[in-house]
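Written out below as structure tokens is the structure these notes cover.
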Amino acid sequence: MSREVRVRFAPSPTGPLHIGGVRTALYNYLFAKKNQGRFILRIEDTDQARYVAGAEEYIRESLDWLGITPDESPWNPGDVGPYRQSERKPDYMQYALDLVKKGHAYYAFDTAEELDAMRERLTAARVVQPQYNSITRTQMKNSLTLSAEEVKARLESGEPYVIRVKIPRKEEVRLNDLIRGWVMVHSSTLDDKVLMKSDGMPTYHLANIVDDHLMAITHVIRGEEWLPSAPLHVLLYKFFGWEETMPEFAHLPLLLKPDGNGKLSKRDGDRLGFPVFPIDWNNQSTGETAIGFREQGYLPDALLNFLAFLGWNPGDERELFTKEELVEAFTIERIGKAGAKFDIAKAKWYNEHYLRNTPIEELAKFVQADAKLDGFELSEEKAAAIVRLTKDRVTFSAELWKESQFLVLAPQKFDEQVASKKWNTDAVKVLGNYAERLDVFTGQFDAETAKTLLGESAEAVEVKLGKVMQAVRLAVTGAGAGPDLMEIFAILGQEEVAKRIRFAMENLEVTS
RNA sequence: GGUCCGUUCGUCUAGGGGUUAGGACGCAUCCCUUUCACGGAUGAAACACGGGUUCGAUUCCCGUACGGACUACCA
């Protein structure tokens with residue numbers, strides 16, 4: 001069997017894409033590219049009640065931002081469309097009817113109240129698992145218990161109905177999961193799931209089988225939450241007679257809360273202060289914005305690298321992979337079985353690494369843009385200088401500007417702790433001398449000469465330079481810590497440095 | 001409750017019948033240094049438990065415990 005590899009990512013447009021979904025998309029993408037296959041996006045919008053406007057566009061933008069754009073999608077269809085399930089609505093009924101004809105499915109007319117009553121009755125009778133199955137269906141209102149005439153009459157009268165799958169009473173269902181190996185389930189534990197809802201839409205179970213078949217999907221890579229219903233899906237392939245082309249399954253381990261137990265949720269992000277969505281999402285009904293990795297300052301490649309390693313590893317000790325390298329190294333065999341806790345500290349580490357490897361000019365643009373928001377026009381050179389000074393010290397690109405404002409704004413206040421410890425007569429002597437030197441210096445003022453001059457000042461007043469460096473820093477930047485001071489001087493220029501020193505000498509009191 | 005899935009440092013994980021159980025993040029210490037950070041070095045830190053198989057089990061098998069997913073006319 002040498003079919004072209006075709007995988008799909010099939011989210012429902014019910015809100016922002018969860019980061020776990022993003023990882024599923026990533027694994028699908030990586031698998032497709034590794035095998036020269038196609039990565040397909042299918043929108044599963046069969047639940048009309050839960051449809052959220054804007055969710056589709058959100059999915060599209062998120063995948064584009066991450067650089068895992070689908071080869072086929074509603075916006076870039078291939079020739080196996082439609083790529084939105086709602087648009088295939090008329091087809092599903094035909095397939096469901098085909099199953100009814102073959103005796104693998106049946107009409108059911110039970111109302112919600114009748115269903116509830118059945119469950120209550122079963123619970124009261126201490127039946128361990130109240131469900132619509134091979135036993136209980138004999139007591140319900142469906143085309144298995146009703147006469148053909150009555151079924152016909154009900155259908156013709158327009159009475160609402162669903163179509164349920166008829167699960168065989170005794171059958172061992174086996175499926176070979178690419179990650180977990182053979183999984184065996186007895187059909188007696190399965191229930192007669194609804195295939196067609198009374199609104200004429202299919203349920204996920206029917207739609208995903210029909211679509212995967214029509215779209216020639218070869219591998220279904222999805223979250224572990226689907227594992228329990230996978231046996232039903234296998235049965236459906238069999239009922240349709242599509243066993244030959246049934247895709248292979250790979251059920252991914254879940255993304256877990258960083259602390260405690262359970263699946264990672266939006267709440268965890270809010271509670272612990274990190275994003276769980278790829279990009280910002282504005283909830284139109286509540287007016288709240290859910291923060292995204294993009295807006296938080298994460299680089300797409302860093303996020304991808306981080307996500308790839310949550311549940312997968314290449315088998316050697318490398319951890320830093322570009323998207324292309326991930327594609328090259330990726331195999332389903334190396335996906336782990338156990339759920340992975342979401343550790344934002346590692347994500348930050350990845351981001352720091354990628355930030356450091358981003359070209360200066362690129363980051364300079366961020367700085368220019370951020371500065372502009374604060375009302376400062378920065379030249380390219382100045383922005384680049386800021387980046388050079390700061391990029392090894394920050395986690396996100398937004399901090400580049402935030403951490404460097406002292407280069408544009410002279411300090412009005414000075415760190416009191418540092419002042420009380422380091423501001424002394426020695427420091428004032430050196431600084432006074434230095435300011436005078438700066439006034440008359442006519443050469444090229446760069447980091448090196450700035451330092452030489454400072455050294456000369458220290459020598460002139462007989463003070464060890466090392467003892468007053470922090471005071472010098474305090475005078476010029478207002479803080480006790482920061483990037484290389486002499487580089488800062490070079491950027492500021494001798495005039496500004498002298499001015500700041502004098503301001504500090506006037507405003508700081510010598511306490512020791 | 002039932003079905004299914006899982007369990008190696010705090011976290012992500014490698015490994016696999018005999019290993020000093022390896023790496024990364026985080027943490028600590030030291031070095032570098034005008035500070036902070038970067039970088040470098042070092043360190044603390046793990047095979048859930050009980051049986052069995054075996055000369056030997058963290059590794060294989062069976063239980064137990066714990067955790068998770070699912071159990072809708074939602075996906």
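Letters A, B, ... mirror the listed sequences (proteins, then strands); counts begin at 1. What you see below is based on every heavy atom in this structure, not just the backbone, and it leaves out hydrogens, waters and symmetry mates.
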Val183(A) side chain, from C-beta outward: closest of rC12(B), rU34(B), rC4(B): rC4(B)
Among Phe321(A), Phe309(A), Tyr27(A), ring-ring contact (aromatic ring centres under 6.0 Å, His included) partner for Phe330(A): Tyr27(A)
Separation of atom NZ in Lys341(A) from atom P in rC12(B), rounded to whole Å: 7 Å
Side chain to side chain, Ser404(A) and Leu389(A), heavy atoms closer than 4.5 Å: no
Whole angstrom value for the distance that separates P of rU33(B) from CE of Met486(A): 16 Å
Under-4.0 Å salt bridge between Arg50(A) and Asp45(A): no
Length of the line joining Asn313(A):CG and rU8(B):P, which is rounded to integer Å: 14 Å
Nearest-nucleotide pick for Glu317(A), side chain only, options being rG6(B), rG22(B), rU34(B): rG22(B)
Reading 5' to 3' through nucleotides 63-75 of chain B, protein heavy-atom contacts under 4.0 Å coded B for base, S for sugar-phosphate only, - for none: ----SSSS--BBB
Distance, C1' atom - from rA72(B) to rA65(B), rounded to whole angstrom: 32 Å
Toward the 5' end of RNA chain B, by each residue's nearest nucleotide, Val394(A) or Met469(A): Met469(A)
Gap between atoms CG and P, on Leu264(A) and rC12(B) respectively (whole Å): 12 Å
Proximal nucleotide (of rU35(B), rU7(B), rU13(B)) relative to the Ala338(A) side chain: rU7(B)
Given rU3(B), rG23(B), rU34(B), the nucleotide with the shortest approach to the side chain of Leu485(A): rU34(B)
Pair Thr395(A)-Glu352(A), side-chain donor/acceptor within less than 3.5 Å: yes
Side-chain N or O of Lys451(A) closer than 4.0 Å to phosphate OP1/OP2 of rU34(B): yes
Pairing of Asp415(A) and Lys421(A) as salt bridge, 4.0 angstrom limit: no
Short side-chain N/O contact to rG15(B) OP1/OP2 from Arg334(A), under 4.0 Å: yes
Length of the CG-C1' vector between Asp259(A) and rG26(B), whole Å: 15 Å
Lys/Arg cation over aromatic Tyr106(A): Arg164(A), 6.0 Å, 45° cone: no
Between rA37(B) (C1') and Lys348(A) (NZ): distance, integer Å: 16 Å
Separation of the C1' atoms in rA46(B) and rU59(B), to the nearest angstrom: 15 Å
Pairs satisfying side chain to side chain donor-acceptor pair (under 3.5 Å), at least one member in residues 328-337 of chain A, at least two apart: Asn313(A)-Arg334(A)
